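Treat the numbers as computed from the prediction; the structure is a model and nothing was measured. Sequence lines set the chain letters: A, B, ... in the order given, protein chains first and strands last, and positions in each chain run from 1.
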Number of protein chains: 2
Amino acid sequence: MNTAAGSSVARRKAQWSTVEEIKQYILELRLHPGDPLPTETELCEALGVSRSSVREAMRTLSSLDIVEVRHGHGSFVGGLSMSPLVSGLIFRSVLDSEGDLRTLREVVDLRIALDLGTAEELVELHRGGPPRDDLRGLVERMRQHTARGEGFAEEDGAFHRELLAGLDNTIVRQLVSALWEVHTEVVPKLGLPPARDIDKTVEAHEAMLDALEAGDVEAYRTAVADHYQPLLTAIEAAVASNSATPAAPREARIS
Amino acid sequence: MNTAAGSSVARRKAQWSTVEEIKQYILELRLHPGDPLPTETELCEALGVSRSSVREAMRTLSSLDIVEVRHGHGSFVGGLSMSPLVSGLIFRSVLDSEGDLRTLREVVDLRIALDLGTAEELVELHRGGPPRDDLRGLVERMRQHTARGEGFAEEDGAFHRELLAGLDNTIVRQLVSALWEVHTEVVPKLGLPPARDIDKTVEAHEAMLDALEAGDVEAYRTAVADHYQPLLTAIEAAVASNSATPAAPREARIS
DNA sequence: CGCTATTTGTACGTATGTATA
DNA sequence: CTATACATACGTACAAATAGC
């Protein structure tokens with residue numbers, strides 16, 4: 001009955017459809033991240049498509065972090081994280097690294113906008129609350145690392161993550177973490193040197209903390225701007241030195 | 001020599017490797033969005049992997065909008081847009097629609113934070129500039145639609161898009177547009193009713209515009225908050241009515 | 001520890017729809 | 001309209017990882 005390629009009626013656009021059907025399956029069963037999904041074979045006969053089609057659909061959903069697939073174990077509902085955004089922004093940042101580092105600068109500007117935009121709510125949140133000794137400690141460790149000439153990426157990440165911890169908005173927190181991740185992953189890929197006036201960054205962290213505990217929104221906004229200034233000037237400096245060496249496109253390994 | 005499955009040395013981890021190699025290919029040739037890529041057959045022999053692996057890799061990159069594949073034509077470098085973020089957030093919003101509409105509310109809060117965080121730069125940008133007659137016209141058309149009892153999604157989207165048009169930050173503009181898209185796509189999917197006090201939203205748009213042209217940052221921030229208030233109360237109302245009908249999980253079409 | 005069953009990952013061949021020239 | 005190039009889908013076989021015995 002069926003030819004080797006299957007009936008011509010049923011294979012109109014299995015690709016797009018399969019992705020949507022698997023999404024519908026998750027929605028209609030009200031599954032949560034981590035819940036198990038049917039095996040690929042089961043999905044094949046349930047949806048009436050070949051295994052290749054199911055696999056490509058699962059790959060699509062997997063790259064969007066809607067499903068997570070573990071080799072030799074099974075497939076599960078994914079974490080619905082910001083990882084696709086991170087991948088895309090990293091690639092985009094490295095791609096336009098030839099010229100003006102535009103994407104990287106825009107990522108920093110977006111981080112600034114988010115810190116400014118959450119300022120009022122964050123200050124309000126800390127009004128009357130206990131002092132943030134945890135953030136104080138992180139700033140102190142930053143200072144120690146700087147004194148030894150070391151970096152403090154770990155503490156910086158923890159600071160910005162913990163800063164927004166009380167914010168009751170998962171997406172904002174995830175987005176801020178994602179943008180921090182983009183920044184810290186891209187900078188070494190491009191071989192950018194760390195900022196010269198790195199001690200100013202430590203002071204700015206402390207100023208943000210002071211303003212937060214003092215309940216001073218305007219001082220907080222100023223401290224945020226000061227905090228990102230070294231990063232922006234480092235990017236500008238890199239652009240200036242890059243424009244001297246235009247960096248012609250290398251030969252591709254694939255010919 | 002080679003078995004049907006290929007030499008066991010060359011096929012260690014083709015999956016992960018293939019997407020990275022294709023990304024490297026784009027990076028090393030400094031390709032731009034729209035530039036053509038090798039055909040799948042060429043990529044197969046260049047990377048030494050099978051067609052299936054190349055196809056799955058291309059699917060991954062395609063869903064991240066790093067490559068764009070046109071049926072029967074070829075593959076090209078993608079637009080590097082925010083579409084994966086949109087897909088993920090829409091799915092996430094619909095998934096947790098059972099209870100508190102948490103994701104949808106968080107998306108609105110993120111939009112507020114972005115409008116607040118760009119307020120200062122936006123006001124500064126318009127200082128001394130010409131009045132925004134284009135935005136004025138959009139508000140007027142909103143008012144007309146409201147008088148006829150119609151919606152004004154088109155004008156609303158254009159307003160928020162044009163508002164940030166002068167911002168010299170592509171990522172911020174794309175993110176704001178993406179979040180607007182998430183909101184307008186999710187609301188009908190969940191069957192949420194439009195806000196009651198929709199005329200307040202029109203007034204808030206006008207107030208934002210007034211504050212912008214007056215150079216008053218604080219008034220602009222207040223107008224932004226007023227603008228989103230009807231949306232937030234509509235979400236709260238939907239949550240209240242949802243909690244009455246818990247909406248048990250339906251049967252999945254796939255068994 | 002090894003064995004086995006289950007499940008995902010890779011490879012290859014082939015047929016077919018689709019867009020371009 | 002025909003021809004060509006290309007992506008899409010199916011089926012099958014085998015490799016690799018994981019879990020449980």
Worksheet item: Using a heavy-atom distance cut-off of less than 4.0 Å, which residues of residues 60-70 of chain A contact DNA chain C?
Response: A:Val69, A:Arg70
Worksheet item: Rounded to whole angstroms, how far apart are CG on A:Leu47 and C1' on D:dG11?
Response: 17 Å
Worksheet item: Can you check the B:Phe76 CZ to C:dT20 C1' distance for me, whole Å?
Response: 11 Å
Discussion item. Regarding A:Ser75, tell me which of base, sugar-phosphate or nothing describes its non-hydrogen contacts under 4.0 Å with the strands shown.
Written reply: sugar-phosphate
Discussion item. Once hydrogens and angles are ignored, does a donor-acceptor distance under 3.5 Å link the base of C:dC12 to the side chain of B:Ser52?
Written reply: yes
Worksheet item: Looking at A:Pro33 and A:Gly78, what are the two nearest heavy atoms and their distance?
Response: CB-O, 3.2 Å
Worksheet item: Roughly, in whole Å, what's the span from CD in B:Glu40 to P in C:dA11?
Response: 14 Å
Discussion item. If I take atom CG in residue B:Leu43 and atom C1' in nucleotide D:dA5, what distance separates them, rounded to the nearest angstrom?
Written reply: 15 Å
Worksheet item: Given that both distances must come in under 3.5 Å, which nucleotide forms a Watson-Crick or G-U wobble pair with D:dC1?
Response: none
Fill in: Beyond-backbone contact of B:Arg59 with A:Val19, side-chain heavy atoms, under 4.5 angstrom
yes
Fill in: Short N-O contact, B:Arg105 and B:Asp109, less than 4.0 angstrom
yes
Item to complete: Taking only the side-chain nitrogens and oxygens of B:Ser53, find out if one of them lies under 4.0 Å from OP1 or OP2 of C:dA11.
Response: yes
Worksheet item: Of the candidate nucleotides C:dT8, D:dT8, D:dG11, which contains the atom at the shortest distance from the side chain of A:His71?
Response: C:dT8
Fill in: Any B:His183 side-chain heavy atom under 4.5 Å of B:Leu231 side chain
yes
Practice prompt. Return the value, rounded to whole Å, for the distance between atom CD of A:Glu45 and atom C1' of D:dC10.
Written response: 15 Å
Worksheet entry | Distance in angstrom units between A:Arg51 CZ and D:dA13 C1', rounded | 11 Å
Practice prompt. Using distance alone, with no hydrogens and no angle criterion, decide if B:Ser63 and A:Ser63 have a side-chain donor and acceptor under 3.5 Å apart.
Written response: yes
Worksheet item: Can a side chain N or O of B:Arg55 be found less than 4.0 Å away from OP1 or OP2 on D:dA7?
Response: no
Item to complete: Spell out yes or no: do the side chain of A:His73 and the base of D:dT18 have one donor N/O and one acceptor N/O closer than 3.5 Å?
Response: no
Worksheet item: Do NZ/NE/NH1/NH2 and the carboxylate oxygens of B:Arg102 and A:Asp168 come within less than 4.0 Å?
Response: yes
Worksheet item: Residues two or more places apart in sequence or in another chain: which of them pass salt bridge (Lys or Arg N to Asp or Glu O under 4.0 Å) with A:Glu68?
Response: A:Arg70
Fill in: Gap between atoms CZ and C1', on A:Arg59 and D:dT8 respectively (whole Å)
17 Å
